[in-house]
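Residue numbers start at 1 and run along the sequence shown.
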Amino acid sequence: MELNNRQKKILQILDDTGEVKVASLSKSLYFSEMTIRRDLEMMEKEGLLHRIHGGAVVNDSEFQYPIWYRMEINKEQKKTLAQRAAKYIHDGQVIFFNSSSTLAYLLPYLQKYKNLRIITNSVHLLFRISKMHIPCFLTGGRYNEIEGSLSGRQAEEFLRGINPDVTFLSCEALSEDGYVTDSDADLAEIDRLVVARSKASVLLMDRSKVGTLCTYTVCHTDQVTEVILL
């Protein structure tokens with residue numbers, strides 16, 4: 001589903017405040033309360049929020065926004081992260097991308113280089129790379145609709161036979177003592193495997209994720225080539 005600009009703004013306000021009111025949104029966005037209510041009803045059906053009397057609140061703490069929406073959050077920040085990471089791309093490389101939405105903004109830089117081969121567990125990124133006519137290998141595995149990614153035993157077996165020149169990844173959390181973590185055990189295992197097998201690994205992170213800790217450890221920052229924070 002594609003959100004319009006008004007709906008994107010509603011979700012951005014909800015992300016910032018945790019709760020929105022129909023009357024307040026109507027005034028700040030210059031749309032009728034009826035229009036706002038229809039938006040909230042539609043977005044609740046998509047699992048993006050939970051409606052309450054007179055407004056809406058964020059979903060529970062385990063909820064994850066789908067990949068197509070995360071692509072729209074903090075675009076400029078993600079573009080800057082990608083620009084800083086692009087220095088690690090060179091001709092003739094085998095490159096792994098994990099399923100982070102941030103990495104989509106790194107893809108345009110691939111077109112400057114020759115003889116690249118891309119490996120990913122992201123179906124979402126595969127569709128974008130396919131339009132660039134760059135050889136791309138997709139891991140097998142179980143499909144995660146929210147993440148637009150593949151994981152599980154088949155994906156892990158595939159990656160154990162691959163030695164990327166460089167891996168680009170992002171994760172949910174980075175603790176104060178340098179542990180990179182994720183709340184999804186299967187995706188954490190994918191990232192753990194490729195970091196261990198790659199000649200270089202580059203972690204792109206939003207500073208808002210620093211100081212947090214999820215259940216499953218991917219690696220320590222000592223194990224990656226560079227951590228790019230913004």
Under a 4.5 Å side-chain heavy-atom rule over Ile, Leu, Val, Met, Phe, Trp and Tyr, are [X] and [Y] clustered together?
X      : Y      : answer
Leu138 : Val194 : no
Ile89  : Ile118 : yes
Ile36  : Leu11  : yes
Leu204 : Val166 : yes
Leu174 : Ile228 : no

Query - Pairs meeting criterion salt bridge (Lys or Arg N to Asp or Glu O under 4.0 Å) with involvement of residues 94-103, two or more places apart - result: none

Report task. Kindly indicate, with the supporting measurements, whether the criterion salt bridge (charged side-chain N to carboxylate O under 4.0 Å, His left out) is fulfilled by Arg38 and Glu41. Result -> CA-CA 5 Å; Arg38 283 200 298 264; Glu41 181 180 0; over 6 Å; no

Side chains of [X] and [Y]: closer than 4.5 Å at any heavy-atom pair?
X      : Y      : result
Ser101 : Lys78  : yes
Leu159 : Ile119 : yes
Thr120 : Leu103 : no
Ile129 : Leu107 : yes
Ser149 : His124 : no
Val180 : Val195 : no
Arg192 : Cys219 : no
Asn144 : Asp186 : no

Report task. Give the C-alpha distance, both sets of side-chain angles, the deciding distance and a yes or no for side-chain hydrogen bond (donor to acceptor under 3.5 Å, both in side chains) between Asn98 and Ser100. Result -> CA-CA 6 Å; Asn98 82 346; Ser100 166; 4.6 Å; no

Report summary line: Quick note, ring pair (Phe, Tyr, Trp, His ring centres under 6.0 Å) partners involving residues 14-37, not counting sequence neighbours, are none

To the nearest 0.5 Å, tell me how far [X] [atom1] sits from [Y] [atom2].
X      : Y      : atom1 : atom2 : value
Leu193 : Glu157 : CG    : CD    : 9.0 Å
Arg84  : Lys87  : CZ    : NZ    : 9.5 Å
Asp39  : Lys8   : CG    : NZ    : 13.0 Å
Met34  : Ser26  : CE    : OG    : 11.0 Å
Asp184 : Ser151 : CG    : OG    : 6.0 Å
Leu169 : Met205 : CG    : CE    : 9.0 Å

Which side-chain N or O atoms in residues 47-57 pair as donor and acceptor under 3.5 Å with protein atoms at least two apart or in another chain?
unit_1 : atom_1 : unit_2 : atom_2 : d
Arg51  : NE     : Glu44  : OE1    : 2.9
Arg51  : NH2    : Glu44  : OE1    : 3.4

Report task. Specify whether Tyr88 and Phe168 have parallel, tilted or perpendicular ring planes, treating 30° as the upper limit for parallel and 60° as the lower limit for perpendicular. Result -> perpendicular

Report task. Return yes when atom OH of Tyr216 has more than 12 non-hydrogen atoms of other residues, nucleotides or ligands closer than 6.0 Å, and no otherwise. Result -> no

Flag, side chain of [X] to backbone of [Y], donor-acceptor distance under 3.5 Å:
X      : Y      : value
Glu172 : Ser183 : yes
Gln77  : Leu230 : yes
Asp165 : Val94  : yes
Ser198 : Ser201 : no

Taking all non-hydrogen atoms of both residues into account, name the closest pair between [X] and [Y] and its distance.
X      : Y      : result
Arg197 : Ile162 : NE-O, 3.0 Å
Pro164 : Phe96  : CG-CB, 4.1 Å
Cys171 : Asp191 : SG-OD2, 3.5 Å

Query raised in the report: Which residues pass the side-chain contact (heavy atoms from CB on, under 4.5 Å) test with Thr181, sequence neighbours left out?
Result: Ala173, Tyr179, Leu213, Cys214, Thr217

Report summary line: Hits for side-chain contact (heavy atoms from CB on, under 4.5 Å) against Phe127, two or more places apart or cross-chain, chain-then-number order -> Val123

Report task. Identify, with sequence neighbours excluded, every residue that meets side chain to side chain donor-acceptor pair (under 3.5 Å) alongside Ser175. Result -> Asp177

